[in-house]
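Below is one structure; the comments refer to it alone.
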Number of protein chains: 2
Amino acid sequence: MSLDHALLVSLLEKPSSGYELARRFDRSIGYFWHATHQQIYRVLSRMEEADWVAAEVQAGETAPDRKEYSVTATGSAELSRWLAEPTEPEGVRDILMVKLRGAAFGDAGSLIPELEHHRAAHANRLTCYRVIETRDFSGALDRQRALQYQVLKSGIRFEQGWLEWCEEALGLLRSFEQ
Amino acid sequence: MSLDHALLVSLLEKPSSGYELARRFDRSIGYFWHATHQQIYRVLSRMEEADWVAAEVQAGETAPDRKEYSVTATGSAELSRWLAEPTEPEGVRDILMVKLRGAAFGDAGSLIPELEHHRAAHANRLTCYRVIETRDFSGALDRQRALQYQVLKSGIRFEQGWLEWCEEALGLLRSFEQ
DNA sequence: AGTTGCAATGCAACTCGTTGCATAGTATCT
DNA sequence: AGATACTATGCAACGAGTTGCATTGCAACT
């Protein structure tokens with residue numbers, strides 16, 4: 001599994017509470033990996049037991065209790081081990097593809113709004129990535145920044161790909177509408 | 001869930017046994033959705049109970065028993081219903097992205113072989129898609145073929161994207177090696 | 001006659017991930 | 001004073017997906 005490792009990376013970038021991590025998974029980190037707070041809390045507990053992370057409880061004076069997690073030496077070693085471990089590229093699993101192939105056996109026209117919606121969503125994300133790109137990655141970049149930028153660039157590349165593909169697919173579906 | 005619907009589409013394209021489906025999920029269908037035989041058998045049973053598919057048992061004279069499934073009217077209606085149902089675009093979840101960001105806290109060089117391996121795998125798939133493209137989609141296409149082609153084109157587009165991105169990322173990692 | 005391999009199906013146990021709910025304190029608005 | 005919303009954590013139950021193993025029968029090789 002890799003949520004473990006995604007959390008390790010995230011905690012190395014900045015020690016945080018589960019709640020904070022969950023919020024970051026709704027934004028920056030979420031652009032390359034997503035998770036719910038449930039999962040995050042459970043994985044954090046598991047990793048604490050395995051001594052990959054350590055929690056410092058900050059008793060709540062002005063706010064509810066908060067456990068700030070940071071990565072231990074063991075956790076850091078585990079990350080390094082995992083980095084070098086080979087993995088296979090993941091298989092594609094996209095609902096739109098199934099639907100498109102399924103359109104041959106149903107009402108192809110009913111897919112048009114769906115595709116338009118996806119096109120809009122991808123355009124949205126692309127804009128969002130572009131904003132981040134200009135805001136955070138336009139000057140000189142240290143190693144960490146450069147790596148983060150490379151990750152962002154995959155997002156940009158793929159959203160562009162999606163946009164173009166949605167256009168194409170919409171063209172095809174519309175050509176059936178005669 | 002959509003393995004259900006992926007199977008419906010697949011069975012509409014050609015009625016098959018679970019085993020056959022599993023094999024097709026290792027090739028053509030697997031290019032846009034993958035599954036193990038376990039999952040397939042379980043989903044088929046469930047769908048049979050829901051009367052989305054019907055099985056015709058072909059008692060084995062020369063081979064072990066075989067259940068050939070085909071889609072019922074109910075199943076077909078369910079597919080149409082699902083086609084029109086809106087869904088959100090899926091979030092990205094790619095291990096390479098996590099690893100790349102993690103490389104800031106470990107040995108970045110150890111990622112190079114991994115990236116080279118992914119590049120090779122994507123190049124491989126791209127070649128494979130190109131072969132299919134020439135073989136199956138070069139003449140005039142009926143509606144079904146055109147839709148299948150559109151799905152294949154997304155595969156081609158994304159593998160190309162991956163290739164270019166792997167090159168870029170490798171360049172970056174190598175620039176750290178000085 | 002025995003081993004290997006493939007076609008075909010399936011059970012059981014497990015991990016991963018989602019959903020719904022519960023709690024409890026703090027802050028802010030009306 | 002009460003309603004609403006946000007911070008912060010967690011349990012319990014479920015559903016999706018993987019892994020390992022088991023079975024049966026045929027075919028082909030050795």
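Computed from heavy atoms alone, side chains included, the values below leave out hydrogens, waters and symmetry copies. Letters A, B, ... are given to chains in the order of the sequence lines, protein chains preceding strands, and every chain is numbered from 1. These numbers come from a predicted model, not from an experiment.
Checking C:dT18, D:dG10, D:dG17 against the side-chain heavy atoms of A:Tyr41 singles out D:dG10 as nearest. For B:Lys67, the listed nucleotide lying nearest its side chain is C:dT9; candidates were D:dT9, C:dT19, C:dT9. The side chain of B:Arg66 approaches C:dT9 more closely than any other nucleotide in the set C:dT18, C:dT9, D:dC6. When distances are taken from the side chain of B:Thr36 to each of D:dT7, C:dA7, D:dT19, the shortest belongs to D:dT19.
Both cation-pi conditions hold for B:Arg143 and A:Phe176: the charged atom is under 6.0 angstrom from the six-membered ring centre and inside a 45 degree cone around its axis. Annotation: cation-pi geometry satisfied between A:Lys153 and A:Tyr149 (NZ/CZ under 6.0 angstrom from ring centroid, within 45° of ring axis).
Between B:Arg93 and A:Glu90, none of the side-chain N atoms (NZ, or NE/NH1/NH2) sits under 4.0 Å from a carboxylate O, so this pair counts as no salt bridge.
The distance from atom OH of B:Tyr19 to atom P of C:dG5 is 14 Å, rounded to the nearest whole Å. Rounded to an integer number of Å, the gap from CZ of A:Arg93 to P of D:dA16 is 11 Å. Counting to the nearest Å, the C1' atom of C:dT15 and the CG atom of A:Leu3 are 13 Å from each other. Taking atom CZ of B:Arg46 as the reference point, atom C1' of D:dG15 lies 8 Å away to the nearest angstrom. Distance CG (A:Asp26) to P (D:dT7): 12 Å, rounded to an integer number of Å. Spacing between atom NE2 of B:His34 and atom P of D:dA16 amounts to 15 Å, rounded to whole angstrom units. Regarding A:His37, its NE2 atom lies at a distance of 13 Å from the C1' atom of D:dA12, rounded to whole Å. Rounding to whole angstrom units, CD1 of residue A:Ile40 and P of D:dC11 are separated by 16 Å.
Phosphate proximity of D:dG10 to A:Gln38: absent, as no side-chain N or O sits under 4.0 Å from OP1 or OP2. The phosphate of C:dT9 (OP1 or OP2) has a side-chain N or O of B:Ser17 nearer than 4.0 angstrom. Contact annotation: B:Arg42 side-chain N/O to D:dA16 OP1/OP2 distance is not under 4.0 Å. For B:Gln39, a side-chain nitrogen or oxygen approaches OP1 or OP2 of D:dT18 to under 4.0 Å.
Taking a pair to require two hydrogen-bonding distances under 3.5 Å in either a Watson-Crick or a G-U wobble arrangement, D:dT30 pairs with C:dA1.
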Worked verdict on A:Glu88 versus B:Arg125 for salt bridge (Lys or Arg N to Asp or Glu O under 4.0 Å)
CA-CA 13 Å; A:Glu88 288 310 304; B:Arg125 281 197 208 161; over 6 Å; no
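Residue A:Glu20 is out of contact with every strand shown, counting any heavy-atom pair closer than 4.0 Å.
Applying the 6.0 Å contact sphere to CD of A:Glu49 captures no more than 12 heavy atoms from other residues, nucleotides or ligands.
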